[in-house]
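Below is one structure, written out as structure tokens; comments come after it.
Along the sequence shown, residues carry numbers from 1.
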Amino acid sequence: TGRSPAELDPRLSAFAFDGGVFAGGSIAIAGNERIYEKFFSREQVEEIFALAEENGWLLLLQTDSGSYMTPEMRDALYAMFMASLGRLLVIENLFTEEKPTFRPNITKMIVITSKHDVKEIRESLKGRYDIVDNTMGVPLDDCAEIVIPGVSKATGLYAIMDHYGA
């Protein structure tokens, strides 16, 4: 899943999961043990914060303990969900803060741009970060995910395969 372990719907606890691939591959758990994790560095986060400020991007920061966004990001996501889906998505441990703040264990960042220029964002960050199309059902030109270069759900699957010798 693209969600962090903290964002999973609590109703899923009815199933006896003992692992999984989370946060788009940034976290892999096997046998209830975290066997792989990869987080943005402070320098990477500060660079993206500066670019967001310069370009008017809104950011949601996903960590392994929850996700954090500004009131402006919350309002923009709400409007996008209602316009595109007619409903809100249920996401656990979603917090609002006045401005984006560095915190440890950031696994990915969701970016919203009012300029409909995700293609330009993808091009400007090419080589430094991977930009993944959002899978939330909102317009692809307005919202994307900034992820750690080379990390994907396949990364997490390979970590689990290595763990079990597959």
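- Taking both residues in full, the closest heavy atoms of Gly66 and Ala6 are given as N-CB, 3.7 Å, listed atom of the first, atom of the second, then distance.
- You'll find the side chain of Asn134 stays beyond 4.5 Å of the side chain of Ile110, heavy atoms only.
- Formation of a donor-acceptor pair under 3.5 Å by the Thr101 side chain with backbone atoms of Lys99 is found in this model.
- For the atom pair CG (Leu157) and CG (Asp162), the distance works out to 11.0 Å, reported to the nearest 0.5 Å.
- The structure places CG of Asp133 at 5.0 Å from CZ of Arg122, a figure rounded to the nearest 0.5 Å.
- Following chains of ILVMFWY side-chain contacts shorter than 4.5 Å, one can reach Leu61 starting from Ile121, so the two form part of one hydrophobic cluster.
- With a 4.5 Å cut-off on side-chain heavy atoms, Met109 and Val45 count as touching.
- A continuous path of hydrophobic side-chain contacts links Ile106 to Leu59 [ILVMFWY only; heavy atoms under 4.5 Å].
- In Phe49, the CZ atom is crowded: over 12 heavy atoms of neighbouring residues, nucleotides or ligands sit closer than 6.0 Å.
- Nearest heavy atom pair, residue Leu60 against residue Met69, reads CD1-SD, 3.9 Å.
- Lys115 has no carboxylate O lying under 4.0 Å from a charged side-chain N of Glu120, or vice versa, which leaves the two without a salt bridge.
- Put simply, the side chain of Thr113 never gets that close to the backbone of Val118: no donor and acceptor are under 3.5 Å apart.
- The shortest distance between side-chain heavy atoms of Thr107 and Phe39 falls below 4.5 Å.
- Proximity of a side-chain donor or acceptor of Glu46 to a complementary backbone N or O of Phe102 within less than 3.5 Å is not detected.
- Taking 4.5 Å as the limit, every side-chain heavy atom of Lys153 sits out of range of all side-chain heavy atoms of Val132.
- A salt bridge does not link Lys108 to Asp130: none of the charged nitrogens lies less than 4.0 Å from a carboxylate oxygen.
- Under the 4.5 Å side-chain heavy-atom criterion for grouping Ile, Leu, Val, Met, Phe, Trp and Tyr, Met80 is connected to Leu94 within one hydrophobic cluster.
- For the pair Tyr36 and Val151, the minimum side-chain heavy-atom distance is below 4.5 Å.
- Contact detail for Ser65 and Asn93: the closest heavy-atom pair is O-CB, 4.0 Å.
- In this structure, CD1 on Ile27 lies 4.0 Å from CZ on Arg34, to the nearest 0.5 angstrom.
- Closest approach of Cys143 to Val138, counting heavy atoms only: CB-CG2, 3.8 Å.
- By the neighbour-count criterion of 12 heavy atoms within 6.0 Å, atom OH of Tyr78 is sparsely surrounded, having that number or fewer from other residues, nucleotides or ligands.
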Are Arg103 and Asp64 close enough, and set up right, to give a salt bridge (charged side-chain N to carboxylate O under 4.0 Å, His left out), and what steps lead you there? CA-CA 11 Å; Arg103 52 188 24 87; Asp64 60 351; over 6 Å; no
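- A continuous path of ILVMFWY side-chain contacts below 4.5 Å connects Phe17 to Phe22, so both sit in one hydrophobic cluster.
- The minimum heavy-atom distance linking Trp57 with Leu125 is given by the pair CH2-CD1, 4.4 Å.
- In this structure, the side chain of Thr70 does not engage the main chain of Pro100 through any donor-acceptor pair within 3.5 Å.
- Under the 4.5 Å side-chain heavy-atom criterion for Ile, Leu, Val, Met, Phe, Trp and Tyr, Ile112 and Ile48 are members of distinct hydrophobic clusters.
- Residues Gly2 and Gln62 share a closest heavy-atom pair of O-NE2, 3.0 Å.
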Might you work through the side chain to side chain contact (heavy atoms under 4.5 Å, CB included) test for Ile146 and Ile131, ending with a clear yes or no? CA-CA 5 Å; Ile146 303 171; Ile131 308 301; 3.8 Å; yes
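- Without hydrogens or angle criteria, Thr96 side chain to Pro71 main chain gives no donor-acceptor distance under 3.5 Å.
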